[in-house]
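The structure appears below as structure tokens.
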Number of protein chains: 2
Amino acid sequence: MQMVMNDENSVEQLFARWQPQARKGWLETFILLLLCQKRSYGYEIATNLRQSLDAELPEGTLYPLLRRMQRDGLVDTEWDTEGSSNPRKYYTISNRGRELASMMQSEWTRWSQTMRALEKDQ
Amino acid sequence: MQMVMNDENSVEQLFARWQPQARKGWLETFILLLLCQKRSYGYEIATNLRQSLDAELPEGTLYPLLRRMQRDGLVDTEWDTEGSSNPRKYYTISNRGRELASMMQSEWTRWSQTMRALEKDQ
DNA sequence: GCTAGGTGCATCGGTAAGCGATGTATAGTT
DNA sequence: AACTATACATCGCTTACCGATGCACCTAGC
């Protein structure tokens with residue numbers, strides 16, 4: 001059996017395809033932690049992530065994710081039609097959300113420690 | 001429109017379903033960093049992760065992942081039929097793999113900083 | 001010699017989810 | 001009038017997790 005080396009895939013392309021996979025799980029943590037601090041709405045969350053991480057947050061990812069969070073009772077929602085801008089759907093963290101955020105956070109810490117241990121003596 | 005709160009999903013269940021998603025991206029980084037240090041084989045990698053992270057690494061996840069890495073030229077493989085044990089498929093990091101690992105690592109660092117900034121003033 | 005458990009590899013298929021493309025609507029700018 | 005930014009949302013193609021399952025070998029205990 002012969003395994004063909006795939007040279008069409010540059011390292012940059014591989015990285016580009018890996019990024020969303022990596023983003024996947026931690027994105028939810030990021031959003032929950034963000035909402036722990038202040039209520040926010042979709043577009044602002046995306047802007048926030050773009051600025052603080054210089055990472056894209058496609059709308060096709062964000063809005064379904066927020067709906068799932070709402071479905072699972074992690075956030076409460078409220079439409080804000082006041083003001084001059086477009087109507088905003090504000091998200092507020094719930095108790096369940098806070099609880100889950102803290103569990104995710106400790107999981108993050110565990111991975112963080114393991115990663116650091118690996119890069120230490122390379 | 002009414003959004004039904006899904007109480008069947010306990011926070012523990014939500015966390016359990018989230019974990020593999022979170023594991024998803026960083027797992028590849030972990031394996032590449034591990035292979036940067038020494039060549040290894042599937043079963044050993046799984047054991048290693050289980051010990052250092054107390055995290056499960058299902059075989060249905062691991063072996064397809066390793067095949068993808070091989071396909072993309074991130075690792076070189078070599079069967080070891082010597083010794084008393086079962087034949088082992090050893091994985092060695094390639095230059096492409098090393099390059100990608102370093103890119104992933106800096107991405108990890110960026111997320112790490114952002115996360116830390118969020119949990120600081122909660 | 002038989003059986004159970006550990007080692008070591010692998011695939012299949014049901015399910016979940018990313019996200020590019022696309023759509024709608026309003027406000028402000030050129 | 002045209003374009004950009006704000007703000008929401010869905011569709012469907014594709015990727016990938018992982019529980020279940022299977023094969024093969026080795027060692028230990030009865």
Side-chain angles (χ1 to χ4, degrees), chain A residues 1 3 6 9 13-31 39-51 55-72 75 77-91, chain B residues 1 3 6 9 13-31 39-51 55-72 75 77-91:
Chain A
M1 186 201 65
M3 182 66 67
N6 207 337
N9 293 327
Q13 283 172 329
L14 289 175
F15 180 69
R17 270 207 298 279
W18 167 80
Q19 263 185 319
Q21 302 299 333
R23 198 161 36 221
K24 197 170 182 169
W26 300 112
L27 192 54
E28 200 168 346
T29 314
F30 173 84
I31 294 176
R39 67 200 281 268
S40 188
Y41 55 97
Y43 197 87
E44 192 185 43
I45 291 173
T47 307
N48 200 313
L49 184 68
R50 249 187 292 273
Q51 287 176 350
E56 275 312 304
L57 178 43
E59 300 186 318
T61 299
L62 176 61
Y63 289 111
L65 174 56
L66 288 174
R67 287 192 78 82
R68 262 176 281 144
M69 286 179 163
Q70 182 181 8
R71 181 200 65 194
D72 295 333
V75 294
T77 63
E78 195 182 2
W79 279 99
D80 186 352
T81 52
E82 315 279 326
S84 62
S85 81
N86 280 355
R88 294 168 175 170
K89 195 174 182 180
Y90 270 92
Y91 294 87
Chain B
M1 188 198 67
M3 182 66 68
N6 206 337
N9 292 328
Q13 284 172 327
L14 289 176
F15 180 69
R17 271 206 300 278
W18 166 82
Q19 264 184 319
Q21 302 300 331
R23 196 161 39 222
K24 195 170 186 173
W26 301 111
L27 194 53
E28 201 168 346
T29 313
F30 174 83
I31 294 177
R39 67 200 280 269
S40 187
Y41 56 97
Y43 197 86
E44 192 184 42
I45 292 173
T47 307
N48 200 311
L49 184 69
R50 249 186 292 272
Q51 287 176 349
E56 276 312 305
L57 178 43
E59 300 186 318
T61 299
L62 177 62
Y63 289 109
L65 174 56
L66 288 173
R67 291 191 76 82
R68 261 175 282 145
M69 285 180 164
Q70 183 182 6
R71 182 200 63 192
D72 293 334
V75 295
T77 62
E78 196 183 2
W79 279 99
D80 187 351
T81 53
E82 316 277 327
S84 61
S85 82
N86 280 357
R88 294 168 176 172
K89 194 174 182 179
Y90 270 92
Y91 294 87

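Numbers restart at 1 for each chain; the letters A, B, ... are given by sequence-line order, proteins then strands.
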### Message
What is the separation between atom NZ on A:K24 and atom P on D:dC17, rounded to the nearest whole Å?
### Response
8 Å
### Query
Which residues pass the side chain to side chain donor-acceptor pair (under 3.5 Å) test with B:T77, sequence neighbours left out?
B:Q70
### Query
Under 4.0 angstrom, heavy atoms only, what part of the nucleic acid is A:R17 near: base, sugar-phosphate, or nothing?
nothing
### Query
When the nearest nucleotide of DNA chain C is assigned to A:E56 and to A:P87 on a heavy-atom basis, which residue is associated with the more 5' position?
A:E56
### Query
Rounded to the nearest Å, what distance is computed from the CG atom of residue B:D72 to the P atom of nucleotide D:dT15?
12 Å
### Message
In this structure, how many angstroms lie between the C1' atom of D:dC17 and the CZ atom of B:R68, rounded?
### Response
9 Å
### Task
Under the salt bridge (charged side-chain N to carboxylate O under 4.0 Å, His left out) rule, collect the residues that match up with B:E59, sequence neighbours excluded.
none
### Task
Starting at atom CH2 of B:W18, determine the distance to atom C1' of D:dC18, rounded to an integer number of angstrom.
17 Å
### Task
Return the minimal non-hydrogen interatomic distance between B:P20 and B:A16, and the atom names on each side.
CD-O, 3.2 Å
### Query
Tell me, for nucleotides 1-6 of chain D in 5' to 3' order, what letter each nucleotide earns: B for a base near a protein heavy atom under 4.0 Å, S for only sugar-phosphate near one, - for neither?
-----B
### Message
Applying salt bridge (charged side-chain N to carboxylate O under 4.0 Å, His left out), can you list everything that pairs with B:R17, at least two apart in sequence or on another chain?
### Response
none
### Task
Quickly work out the A:L62 CG to C:dG18 C1' distance and round it to whole Å.
12 Å
## Note on the structure
Closest to the 5' end of DNA chain D, once A:E44 and B:P58 are matched to their nearest nucleotides, is A:E44
### Task
Write down the distance between CD (A:Q21) and C1' (D:dC17), rounded to a whole number of angstrom.
10 Å
### Task
Please identify each residue that fulfils side chain to side chain donor-acceptor pair (under 3.5 Å) with A:Q21, with sequence neighbours left out.
B:K24
### Summary
Residue set satisfying salt bridge (charged side-chain N to carboxylate O under 4.0 Å, His left out) with A:R39, at least two apart, ordered chain then number -> A:E78
### Message
Going by the rule side-chain contact (heavy atoms from CB on, under 4.5 Å), which residues pair with B:T61 if we only count those two or more places apart in sequence or in a different chain?
### Response
B:L27, B:L57, B:P58
### Nearest-Å distance for atom pair CG/C1', residues A:L57 and D:dA7
14 Å
### Query
How many Å lie between CD on B:E28 and P on D:dC18, as a whole number?
14 Å
### Task
Quick one: closest heavy-atom pair of B:G42 and B:L62, and the distance?
O-CD2, 3.3 Å
### Message
Taking side chain to side chain donor-acceptor pair (under 3.5 Å) as the definition, give me every residue that meets it alongside A:Y41, ordered by chain and number, with sequence neighbours left out.
### Response
A:R88
Identify each atom pair where a protein N or O and an N or O of nucleotides 10-12 of chain C are less than 3.5 Å apart, giving names and distance.
{"residue": "C:dA10", "atom": "OP1", "partner": "B:K89", "partner atom": "NZ", "Å": "2.9"}
{"residue": "C:dA10", "atom": "N6", "partner": "B:E59", "partner atom": "OE1", "Å": "3.2"}

### Query
Does A:R23 have a side-chain nitrogen or oxygen under 4.0 Å from the phosphate oxygens OP1 or OP2 of C:dA17?
no
